[in-house]
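See below for the structure under consideration.
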Amino acid sequence: MGEDETNLVGDPVDLAGLRYTQWRYDVHEKSASSRENDAKLWQLRSFPFDPTKKTSSALVLIQNEEDDGAFQLWVVAKGSPNKIRDLVQFESEEKGRVTHRWYDAKVKRLGKLGYRSIGLGALDVTNTKAAGILFPSGLPTSSDNRVDLKARINEARRHARESLVRSDIETQSSGILDRNKMMFVGFACFNAPMRSSSPRVVEELKSSVRVIMLTGDEPNASYVMANKAGITNGKKSCRLLKTNDSGELIWEVNGKLRKSTLEMAKKVRQDIVEKEKAEFIVTGDAVSALLSGTVMDGETAHYVQNELLPLTALVASASPNDKSLFVKWLQSSCNRNVLMCGDGVNDIAAMREATVSVAMLSGFGHESPGGGDTIGMDTEDMRRKERLKRRYIGSNRLNAIKSKPSSSLDEAGVGDSVVATCARIQHGIIEGMRQLQSENTETPHHTTAFDVCLASVKAEFKRRRDLKKGGSNAAKILAEEDCLRRSLESKSTREQLGNTEVEVDEIQTGESCLASSFTLLRPCISGVESILRTGVSAAACGISLYRKVALNCMLSCYNLATLYKNGLRYGKWMWQVELYSIISTERASFSASSTPRPRLVAGVRPSTTPFHVSEVLSTILQAIIHIVTLTVAVNFGKQLETKYPTITAHKGFSIQWSDNNQGGSAGSLLSTLVGSSTSNSLHSDTDAPPQSFLKRSPFQPNYISNNVFIVSVFQNAVTTMVNHSGRPFSLSFLESRPLCLSGE
């Protein structure tokens with residue numbers, strides 16, 4: 001455990017244990033004291049949670065004032081119930097069998113109730129060799145003063161670091177503790193209610209992708225939570241594949257153990273696929289045994305791996321190595337792209353192997369940005385609906401904003417509401433004016449009150465850009481706001497409780513963010529769905545962009561090989577006007593295509609390659625239509641030119657067309673570019689105006705050039721609108737105001 005500026009931070013399970021057992025932990029002394037009595041303990045040697053062994057242990061010195069302040073030396077351990085079961089001992093073999101049976105039944109019972117259970121073990125080692133090693137002159141006594149006691153404890157910690165390793169405490173392999181196993185103390189049960197948003201997010205994800213749960217929790221508890229989240233299909237019966245103490249695969253069906261055979265595997269598949277009366281789940285050690293090839297019956301293992309393992313939606317009691325092997329198998333054998341989401345060090349190995357990895361800064365804490373989740377309310381969905389309301393225009397948007405009452409957090413500038421935005425801008429103006437009036441040397445002499453206001457508004461826009469972009473700047477902004485929010489909430493709570501001491505739990509950042517492609521700033525898996533929606537819209541936008549580039553390339557080739565070769569020329573501002581129309585429409589289309597829709601659409605995905613048959617045919621068909629349209633426009637212009645001859649004295653917003661009779665030869669093209677006298681221009685030689693530096697005749701308007709220009713601008717807009725990705729991947733044409741205005 002550690003401590004930040006105001007709060008104790010560490011493992012959420014440890015923090016919950018301290019909170020509900022009424023113990024206080026001192027980070028500096030590495031000691032804990034009870035609030036109910038005068039008992040106190042000091043950590044002499046501790047070993048953190050091992051993801052592989054699924055245990056953590058410590059050697060502690062205990063002083064109990066109820067026992068005349070006597071000191072005792074104890075070994076304590078906690079971990080997975082299945083692992084603690086192997087560390088504890090029982091006094092007789094017969095009693096051991098009964099206790100083991102009771103132990104397994106109790107673990108299964110707690111799991112079915114949905115509790116996260118931790119097994120606890122302890123051992124009194126006051127009269128063992130360990131006490132002599134740590135305290136050569138004997139254990140401390142109640143008569144020792146505070147300074148001497150602290151010195152002796154620090155000396156004992158030094159001896160513990162030099163003399164004891166993890167196996168000495170947990171398995172007593174060296175015999176230092178003089179006993180083989182610990183005593184079973186009991187279970188610590190934690191009720192971790194599921195977030196209200198989790199079933200909704202899982203349902204949305206299952207409509208488009210396959211969802212699998214990888215967890216280190218006990219199978220029964222994992223199955224209950226998977227049913228609540230909607231990951232499994234909610235069947236009451238399940239078929240559990242696990243390994244026994246010998247490492248052999250066995251089946252657990254309705255509480256009974258069955259040997260793993262080919263006939264049994266086929267029967268399980270029939271119950272799952274054909275009869276649909278059971279769910280298939282597997283433990284992590286069984287996955288490792290199957291994928292590593294350590295199972296003796298190769299035919300059965302091959303059938304289970306190919307026919308049953310692809311059907312599972314839950315892998316329980318999985319170690320980090322088990323998760324990593326399963327992710328590799330999904331990618332290699334099943335040809336799947338895997339997105340792995342995790343929040344702890346147990347998930348790092350699998351996240352490194354996954355195609356895309358998503359880390360949560362913490363799996364615990366408040367889901368809502370303001371803190372204090374409301375039970376039974378999907379706060380994340382409420383936030384999304386609020387964002388959708390802000391897309392409205394007119395009175396609906398104004399009424400939605402005005403009807404929302406402001407809070408103290410908004411008035412302090414915390415959040416994205418209008419009140420909070422105004423508060424931040426006002427604070428920036430006040431701070432800038434204060435520096436301006438205090439004759440600060442860092443403030444430029446030419447700074448005025450208007451500059452201060454403008455700088456405050458720019459800072460607010462920069463904040464919004466950083467939050468939208470994400471990354472370290474966004475994390476810093478959210479961290480500062482979270483610190484201010486906690487400070488205001490703590491102050492408000494102290495005022496309500498009469499300045500009594502208030503404890504606020506703070507969760508340490510997860511290590512998994514160091515190995516992930518994306519990091520969720522809030523402890524809610526709805527961010528995974530947001531990442532998928534953004535990825536789908538980006539993929540659709542990319543395919544659309546390829547299609548538009550290919551189409552524009554074909555049209556440019558036609559224009560260069562046919563129109564411009566025969567003397568088509570633009571006037572002074574025509575290129576700028578056409579380029580502006582292209583930029584405005586493409587910019588609006590890209591902005592709309594990059595904005596994902598609020599929900600994933602089931603079974604609909606964009607093309608994976610621009611060379612798909614449908615994409616190629618669509619591009620070619622559009623090119624043919626555009627070329628035919630240009631040809632019709634040119635022919636119509638020729639008819640107008642014949643019927644209404646061009647007046648050379650007239651200067652207009654148009655281009656000149658030279659009807660070249662020399663066909664498509666290179667000489668014809670060269671003569672057109674340099675303005676050779678061999679070119680058969682629309683005007684006679686006597687009326688020809690002076691030539692330019694490149695020997696090209698100055699621009700003269702006609703109907704053909706005007707038709708081509710108007711049709712080209714219109715085609716650019718049509719190309720953008722027709723090839724815009726839109727529904728169901730991103731904002732459609734009518735939902736994007738900039739796109740509608742650019743199309744107009």
Side-chain angles (χ1 to χ4, degrees), residues 5-6 368-371 382-492 495 521-522 580 583-584 586-588 590-592 594-595 731 735-742:
E5 297 178 356
T6 56
S368 61
M382 294 172 61
R383 290 180 61 251
R384 178 155 52 180
K385 291 179 180 178
E386 183 66 24
R387 290 196 300 268
L388 291 176
K389 288 181 180 179
R390 292 181 179 275
R391 289 184 181 177
Y392 296 160
I393 59 176
S395 60
N396 290 338
R397 180 184 179 187
L398 294 177
N399 293 335
I401 295 175
K402 292 179 179 179
S403 61
K404 182 178 179 181
S406 61
S407 62
S408 59
L409 294 177
D410 294 330
E411 295 174 356
V414 178
D416 297 327
S417 64
V418 176
V419 177
T421 301
C422 295
R424 285 191 296 269
I425 295 176
Q426 183 179 5
H427 176 75
I429 294 174
I430 294 175
E431 183 66 20
M433 294 301 298
R434 185 186 62 81
Q435 295 179 2
L436 185 63
Q437 295 174 1
S438 62
E439 298 181 357
N440 191 348
T441 56
E442 297 180 358
T443 304
H445 295 289
H446 63 273
T447 301
T448 62
F450 176 77
D451 295 329
V452 171
C453 297
L454 185 61
S456 180
V457 175
K458 288 182 177 180
E460 177 62 24
F461 277 104
K462 182 179 182 301
R463 173 187 177 276
R464 292 190 176 187
R465 288 195 302 269
D466 291 340
L467 288 177
K468 186 176 181 180
K469 182 179 179 181
S472 58
N473 291 335
K476 182 179 179 180
I477 293 173
L478 292 176
E480 292 176 352
E481 289 192 355
D482 188 57
C483 182
L484 178 59
R485 180 186 297 111
R486 292 199 308 269
S487 177
L488 293 174
E489 291 176 348
S490 178
K491 179 180 179 181
S492 176
E495 292 176 354
L521 300 180
R522 293 188 178 89
Y580 174 78
I583 292 175
S584 61
E586 289 295 337
R587 179 181 179 183
F590 182 79
S591 177
S594 302
T595 305
L731 293 182
E735 291 175 323
S736 175
R737 184 182 180 187
L739 192 57
C740 292
L741 295 177
S742 64

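One is the number of the first residue; the rest follow in order along the sequence.
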Could you work out, with side chain to side chain donor-acceptor pair (under 3.5 Å) as the rule, every residue matching [X], not counting sequence neighbours?
X    : result
R465 : none
E460 : R424
K462 : D466

Notebook entry, point to check: Are there more than 12 heavy atoms of other residues, nucleotides or ligands under 6.0 Å from atom CD of Q426?
Noted result: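 Incorrect, the count does not exceed 12.
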Notebook entry, point to check: To the nearest 0.5 Å, how far apart are CD in E480 and CD1 in I477?
Noted result: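 The distance works out to 7.5 Å.
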Checklist line | Spacing of OG1 belonging to T421 relative to CZ belonging to F461, to within rounding of 0.5 Å | finding: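 Between atom OG1 of T421 and atom CZ of F461 there are 9.5 Å.
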Notebook entry, point to check: What pair of heavy atoms forms the shortest contact from S456 to I425, and how long is it?
Noted result: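 Taking every non-hydrogen atom into account, OG-O, 2.8 Å.
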